[in-house]
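Below: the structure, in structure tokens.
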Amino acid sequence: MASFSTVGKGSHSFTDFCCSPCLEHKIDQWAEFYCDNCLKFYCEKCINLHGQLFGKHVTYGRGETSKWPVSKEVEDFIQKCDLHEDKRLEMFCYDHNQLCCTNCAFDNHRQCAKVALITESVQEPLPDLQQLSRNIQTVLEDLEKLQNYWDTNMQSLQVSYNKQLNEIRDTRQKINTILDKIEQNTIKELEDKMASLNVSVQTNVDNCSKLQNELKRLSNTIHDIVDKGKAELLFIASKKCLKKIKLSETYLTDNLVQVESSLTFQADSYFQCHLSQLSCLGRIVVCTRAVSLPGDPDKVFTVQGKSKYNVSMPYSEDIFDIRAICVLSFDQILIADYDDKRVKLLDHQYQVVGHCDLNAYPHDMCCITSSEVAVAVNKIKTYEVQFVSVNDGRLVKGRKLHFQHRCRGIAYNLQDLYLTSGTALYKYSMSGELLSKLLENTSAKYTVNKCAVSPSGDKILVTNYSHGKVLSLDRDGVVLHTFTDPDLEYPAGIHMTALGQVLVCGGSSKTVLQLDGEGKKKLATLATWRDIINDTQSVSYNRSTASIIVGQKMHTNILVIKVK
């Protein structure tokens, strides 16, 4: 089977086929027909001769390319191992959900419980490849936005470089010739930092381009094979797509809040007095600030469907209190079960696949990295933050931080931990050093209950459980807005998405509401008492599946709300 790649509109590459008889005469001629009996391709000229000789053969023209076979180029691309390019994928590891060649299986999966041949694994139901293709397009759009950001950052960096270079030269004119050498030292420092920053930004641009190219090729490949009936290729393609999408989504999540770099020259106003002792005109400082990628925090979620999933474990109690939910990479979900003093790991089908026991009752939990969370736990005279990470499908407990006050709510942003005690909100460093007390209200027991921080760190939301309020604070703890609503009684869990959308659940009202990005008004009611049996305790958003996950009190089920 001879094929070659061409480029169509919009730079989408596709694979075409050569006429088989023409190719035998060393002529490259595009095929217009495929014969299912001969298993060969024919151009317009050759199909006439073929028809005279084999009038009863079944042929398919360009309008029926779905009945043409998969090209060897596409087949080789799909079946090639990503780690060992000279090997074909032949096995699938169920323990790690990974495609394997013989080298992969020998090197990394000898101890795995279930590694099967792909020919045996294709019996499983395949995911919707059309949906995979749509997911790829969504990720590609997000990657393009991110790459545009890096391109813009490079331009603004150059502007700041030029501006500070002028500042350096203006300062240089105020002093005498002894500064000739000092000026050169300072400019060299500026250029070195500029080169270093350019390398860093260019690396991110290259990473975006690489992911886009790989996703585009996978997307085009899906279109080529989706109707071919090749179960093995479909299985491999779907697994590759899922893996690449997850890698891209993890990359996007890690880069949702970017650090914008610029260069500033800070002149020393007293340098003339100490001129002979100076080696530079001043300091070159890299100024950074957190910048959220474009997104609409007021984009309203539209409910598409609701499902319930049992998160119980064998031999465990039938009463749960899901106080917190965190979504990690690869659709791994962690839930904090208060009654069992346990953190549970759920897979993408919301089945419990792992757990770890805690020494105290978990009240809240927040993501630290794509594979690590921090859990706020309490019992008599024990107030701690326990770090837990996911390692090869297992939950591993790490270090602890100890505090003098109760730990009810927890959030993380820009290397800072935010903790609530029930009546106060504190900001700590990651080493447990108190940085500031941002808010205090001792009028009731749970006036400062749970908290969430915006992606850029400029806004903090706090639930006042006792008085049925949601408070919006600036980064210094100043109250900007206070939200109340009849549909929000005893607000418990609160969550801000990567785009700044606000979700809050009402405990006794058994509701889940979406507020605007400022926390000033209600945008939507996403769940009510008709959907929820007991008090809502926690809420989180899974961006990769466009789902809102809700935890309840004294119930074995979590509620999953599909949205768009």
Side-chain angles (χ1 to χ4, degrees), residues 254 256-261 283 285-292 323-324 326 328 334 336 341 343 356 358-390 395-442 445-464 471-480 493-496:
D254 291 342
L256 281 173
V257 177
Q258 292 303 319
V259 176
E260 182 177 85
S261 301
R283 293 190 303 139
V285 178
V286 177
C287 301
T288 62
R289 65 186 180 93
V291 179
S292 297
R323 291 290 179 96
C326 285
L328 305 180
L334 292 182
K341 290 192 292 187
V343 174
C356 72
L358 306 172
N359 69 332
Y361 296 96
H363 284 260
D364 201 6
M365 179 170 59
C366 68
C367 292
I368 302 298
T369 68
S370 60
S371 61
E372 184 183 35
V373 297
V375 189
V377 300
N378 297 275
K379 68 178 182 180
I380 298 176
K381 296 183 180 180
T382 299
Y383 314 126
E384 297 175 343
V385 169
Q386 171 73 68
F387 291 86
V388 178
S389 59
V390 180
L395 295 184
V396 180
K397 289 187 288 187
R399 64 191 181 100
K400 291 180 182 178
L401 297 177
H402 304 274
F403 299 92
Q404 298 301 311
H405 59 78
R406 294 184 182 275
C407 302
R408 288 194 60 84
I410 187 169
Y412 170 79
N413 185 266
L414 300 176
Q415 297 300 313
D416 293 325
L417 274 179
Y418 295 81
L419 278 174
T420 68
S421 65
T423 58
L425 171 66
Y426 303 89
K427 182 166 75 169
Y428 288 92
S429 70
M430 286 297 288
S431 62
E433 176 188 0
L434 177 62
L435 301 178
S436 61
K437 180 192 287 187
L438 298 173
L439 178 69
E440 187 170 28
N441 183 346
T442 58
K445 192 173 182 179
Y446 301 123
T447 55
V448 187
N449 190 40
K450 299 290 184 69
C451 62
V453 185
S454 64
S456 61
D458 63 342
K459 191 180 292 83
I460 309 164
L461 297 182
V462 174
T463 59
N464 183 329
L471 305 180
S472 299
L473 318 176
D474 66 12
R475 65 176 71 246
D476 297 319
V478 177
V479 178
L480 304 174
I494 191 165
H495 175 73
M496 294 190 78

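What you see below is based on every heavy atom in this structure, not just the backbone, and it leaves out hydrogens, waters and symmetry mates.
- Cation-pi contact between Lys437 and Tyr426: absent, since separation from the ring centre below 6.0 Å together with deviation from the ring axis within 45° is not met.
- One finds the CG atom of Leu434 at 7.0 Å from the NE2 atom of His405 (value rounded to the nearest 0.5 Å).
- Of all the heavy atoms in Val377 and Pro362, the pair that sits closest is CG1-CA, 3.9 Å.
- One N or O on the side chain of Lys379 and one on the backbone of Asn359 form a donor-acceptor pair closer than 3.5 Å.
- Here the shortest heavy-atom pairing between Arg323 and Lys450 reads O-NZ, 3.3 Å.
- Taking 4.5 Å as the limit, some side-chain heavy atom of Leu417 sits within range of a side-chain heavy atom of Leu401.
- Residues Met430 and Tyr412 form a side-chain contact, since some pair of their non-hydrogen atoms from C-beta on lies under 4.5 Å apart.
- The OG1 atom of Thr420 lies 12.5 Å from the CD atom of Glu440; values are rounded to the nearest 0.5 Å.
- Taking OG1 of Thr423 as the start and CG of Leu439 as the end, the distance is 9.5 Å to the nearest 0.5 Å.
- In this structure, Tyr428 and Phe403 have perpendicular ring planes: the angle between them is above 60°, well past the 30° mark.
- Between Val448 and Ser421, the closest side-chain pair of non-hydrogen atoms is not below 4.5 Å.
- Side-chain N or O atoms of Asn413 include one that pairs as donor or acceptor with a backbone N or O of Pro455 at under 3.5 Å.
- Two residues are said to be in side-chain contact when any heavy atoms from C-beta on lie closer than 4.5 Å; Leu334 and Val375 fail this criterion.
- The shortest distance between side-chain heavy atoms of Leu395 and Val390 falls below 4.5 Å.
- In this structure, Ser436 contributes its side chain and Leu438 its backbone to no donor-acceptor pair below 3.5 Å.
- Note that CZ of Arg408 and OG1 of Thr463 are 9.0 Å apart. Values are rounded to the nearest 0.5 Å.
- Of all non-hydrogen atoms in Ile494 and Cys451, the two that sit nearest each other are CG2-C, 3.8 Å.
- Minimum interatomic distance between Cys367 and Cys326 (heavy atoms only, all atoms of both residues): SG-CB, 3.6 Å.
- Side-chain contact between Val388 and Met365 is absent, with no heavy-atom pair separated by less than 4.5 Å.
- Ser371 places no side-chain N or O within 3.5 Å of a backbone atom of Ser389 that could act as its donor or acceptor partner.
- At least one donor-acceptor pair closer than 3.5 Å links the side chain of Thr447 to the backbone N or O of Asn441.
- Interatomic distance, Leu461 CG to Tyr418 OH, rounded to the nearest 0.5 Å: 12.0 Å.
- Rounding to the nearest 0.5 angstrom, the gap separating the CZ atom in Arg406 from the CD atom in Glu384 is 13.5 Å.
- Side-chain contact between Ser370 and Leu328 is absent, with no heavy-atom pair separated by less than 4.5 Å.
- Checked by atom type and distance alone, the side chain of Asp364 pairs as donor or acceptor with a backbone atom of Ile410 at under 3.5 Å.
- For Asn378 (side chain) and Tyr383 (main-chain N/O), no donor-acceptor pair under 3.5 Å exists by modelled atom type.
- Side-chain N or O atoms of Asp474 include one that pairs as donor or acceptor with a backbone N or O of Asp476 at under 3.5 Å.
- Counting heavy atoms from C-beta outward, Leu414 and Val453 have side chains that stay 4.5 Å or more apart.
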